[in-house]
Amino acid sequence: MTSQAEDAQATATVHERLAEVLAGARLGGSEKSRQKILESGKLLVRDRLRLFFDDEDYVEDGLLARYSEGLPGDAVVCAYGFVDGRKVCVIANDYSVKAGTWGSRTFEKITFAQETAVAAGIPIVYLFDSAGARIDEQFESFAGRHAWGNIFYNQVQISGRVPQVCALFGPSPAGSAYVPALCDMTIMVRGNATAYLGSPRLAEMVTGEKVTLEEMGGAEMHSTISGLSDVLVEDDLEALNAIRVWLSFLPPNWEKPAPIAAAAAPRPGRALSEIVPLREAEVFDMEEFIESLVDEGSYFPYKELFAPELITGFARIDGRPVGLVANQPSHMGGSLFTNSSDKAARFIWICNAYNVPIIFLVDIAGFMIGSAVEREGIIRHGAKMIFAVSECRVPRITVLVRKAYGGGYLAMSGAPMHPDAVIALPTARPALMGSDAAVNGVYYNQIQAIEDPEERAAFVKAKQAEYAEGIDVFKIADANAVEAVVPSDELRSDLSRRLDLYSRRPKTPVVRRQAVTPV
């Protein structure tokens, strides 16, 4: 039998060994690999966690997985901590361990964390920095039910139940690129983050195409052209801060209300009545209008660099979170294209999933026309936006800022789409179409019959003026086609009262097995 002293010594030795092993595992990969990451301008995974969580008092699962093989945690950290006082699950690649690649235990840890988070009703944050799946471990991790694909399956099952956001700090190639694509929000770091199904080297082998890594799947390309990235940031810290801000607008899960913050006055500047010109030919910046409407510092754009003819983003009005969908007349006249239709639909689905009311700010001539957009599928993509608006069940308020023409008016939550209210400003001009198109359509033969150019121009001008007189905000109010005509400078207070009112009504989800969504 051992003595008490020997037992105590053995226990102390075990604890010392455990402390040594845990400390080594938390370091991650080799000193050389860690130094290389720092020299590239990126942060180590645990430095990101220290900056992201409120404190270092977080729970971590699977730290010692594959530690004996020199792959601590199998290159992924799964942790649960507090962000601004709210519990959050973080799934983060450790690039210092075999370039953050997915191994045979990686997907087990990720899927377990996903299931734990959704059961607890807390958001999931993916901090991705990975060279993809390990080819040498594919036979135990690729095919069959116990495989990497479970990560994506879980994301789809979780979608709309708890918020999912992904920040890309480095590569995310091949199958791992679907993680950001299946999230509600994707943030990419300029110059470091990439996402692609096939690398430039593979593309050259298969197709003969020679392309740079940035052109193939860089952060700027995905933020401006493909639309995969929703927010483009300059460094790791900005990415972490963007996640914090985005989460602040959303509840922890779909069953909770969106969180209300302290109210703040709008940014000092021109009054709303000074920003919007009456004449359709004069453009204005809808972002200035938004900043003069919402609480100062609360506006958070979504896909700002993608399809800029339509503005989407979060903000607050008297502390209450709202989603904004607004035409941008300073870019392409605010007309809707295929990409802007997709952008709107996705944003509306996010707001509807997480109980965020939506305000539509309408100044639209309609969907873009022409053979180019028809070939791109403008009807199909436009139908997606109309579909999203029509099935939306959170409070919706539509503000007719200026022009509101044709099918674009419907896509922007016009009255036939059953919003809670349609509010018109004195500058509102709703109609089937603008005066140019209307006069040309109605009087085309008469116009062509007038041979004298000056006489023809005078005729067209007179008819346009006559048509414009019929587009009157008071006429639509007289016909009870809007709930109210509100002075521009009183819009904010009117919206605040209405948001409080409409948020009190019960939620009525659409009851059916499966809608057939336009794609």
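Any value given below was found using the heavy atoms of this structure, including those in side chains, with hydrogens, waters and symmetry copies removed.
For the pair Arg46 and Glu60, the salt-bridge criterion is met [side-chain N within less than 4.0 Å of a carboxylate O]. Between Asp318 and Arg492 a salt bridge is recorded (basic side-chain N to carboxylate O distance below 4.0 Å). Salt bridge annotation for Arg34-Glu31: present, with a cationic side-chain nitrogen under 4.0 angstrom from a carboxylate oxygen. Ionic pairing of Asp184 and Arg346 is not present here: no N-O contact between side-chain nitrogen and carboxylate oxygen is shorter than 4.0 angstrom.
Relative to the six-membered ring of Phe306, Lys303 meets both conditions, a distance below 6.0 Å and an angle of at most 45° to the axis.
Exactly one of Lys42, Arg48, Arg190 qualifies for a salt bridge (Lys or Arg N to Asp or Glu O under 4.0 Å) with Asp236. That residue is Arg48. With Thr106 as the partner, the side chain to side chain donor-acceptor pair (under 3.5 Å) test is satisfied by one option alone out of Asp74, Asn93, Thr101: Asp74. Residue Val356 forms a side chain to side chain contact (heavy atoms under 4.5 Å, CB included) with just one option from Val394, Ile348, Ile350, Leu250, and that option is Leu250. Applying salt bridge (Lys or Arg N to Asp or Glu O under 4.0 Å) to Asp500 and the options Arg497, Arg504, Arg498 leaves one that passes, Arg504.
At distances below 3.5 Å, not a single donor-acceptor pair connects side-chain atoms of Lys98 with backbone N or O atoms of Leu71. Without hydrogens or angle criteria, Asn327 side chain to Leu310 main chain gives no donor-acceptor distance under 3.5 Å.
Side-chain contact, Glu255 with Asn355: no donor N or O sits under 3.5 Å from an acceptor N or O. A donor and an acceptor atom, one from each side chain of Thr338 and Ser341, are nowhere located under 3.5 Å apart.
A heavy-atom distance below 4.5 Å is not found between the side chains of Val233 and Met188. Using a 4.5 Å cut-off on side-chain heavy atoms (C-beta onward), Val77 and Leu49 make contact. Annotation: side chain of Ser503 is in contact with side chain of Arg320 (closest heavy-atom distance under 4.5 Å). Inter-residue side-chain proximity for Ile110 and Gln114 is flagged as met; some heavy-atom pair is nearer than 4.5 Å. At a threshold of 4.5 Å between non-hydrogen side-chain atoms, the residues Asn192 and Val189 count as touching.
Within the model, atoms CD1 of Ile37 and NZ of Lys32 stand 13.0 Å from one another, a figure rounded to the nearest 0.5 Å. The OG atom of Ser413 sits 11.0 Å away from the CD1 atom of Ile386 when rounded to the nearest 0.5 Å. The structure places SG of Cys166 at 8.5 Å from OH of Tyr126, a figure rounded to the nearest 0.5 Å.
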Pair Ser130, Ser176 - check side-chain hydrogen bond (donor to acceptor under 3.5 Å, both in side chains), show working. CA-CA 8 Å; Ser130 168; Ser176 63; 5.0 Å; no
For a side chain to side chain contact (heavy atoms under 4.5 Å, CB included) check, start with the C-alpha distance between Phe82 and Asp55, then their side-chain angles and the critical distance, and finish with the verdict. CA-CA 8 Å; Phe82 287 94; Asp55 52 47; 5.8 Å; no
Applying side-chain hydrogen bond (donor to acceptor under 3.5 Å, both in side chains) to Arg66 and Ser104, what does each step give before you reach the verdict? CA-CA 9 Å; Arg66 301 189 75 172; Ser104 58; 3.1 Å; yes
Test side-chain hydrogen bond (donor to acceptor under 3.5 Å, both in side chains) on Thr111 and Asn150 and set out the steps. CA-CA 7 Å; Thr111 53; Asn150 283 279; over 6 Å; no
Take Ser33 and Ser30 through the side-chain hydrogen bond (donor to acceptor under 3.5 Å, both in side chains) test and state the conclusion after the steps. CA-CA 5 Å; Ser33 65; Ser30 66; 3.2 Å; yes
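Atom CE of Met417 sits in a crowded spot, with more than 12 heavy atoms from other residues, nucleotides or ligands closer than 6.0 Å. Surrounding OH of Tyr178 are at most 12 heavy atoms belonging to other residues, nucleotides or ligands under 6.0 Å away.
Using cut-offs of 30° and 60° on the angle between ring planes, the pair Trp246 and Phe314 is perpendicular. Using cut-offs of 30° and 60° on the angle between ring planes, the pair Tyr302 and Phe347 is tilted.
For Asp94, the side-chain hydrogen bond (donor to acceptor under 3.5 Å, both in side chains) criterion is met by Ser96, not counting sequence neighbours.
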In a table with atom names and distances, give each donor-acceptor pair under 3.5 Å that connects a side chain of residues 210-219 to protein atoms at least two apart or in another chain.
| residue | atom | partner | partner atom | Å |
| --- | --- | --- | --- | --- |
| Thr212 | OG1 | Glu215 | N | 3.1 |
| Thr212 | OG1 | Glu215 | OE1 | 3.3 |
| Glu214 | OE2 | Glu220 | N | 3.4 |
| Glu214 | OE2 | Met221 | N | 3.4 |
| Glu215 | OE1 | Thr212 | N | 3.0 |

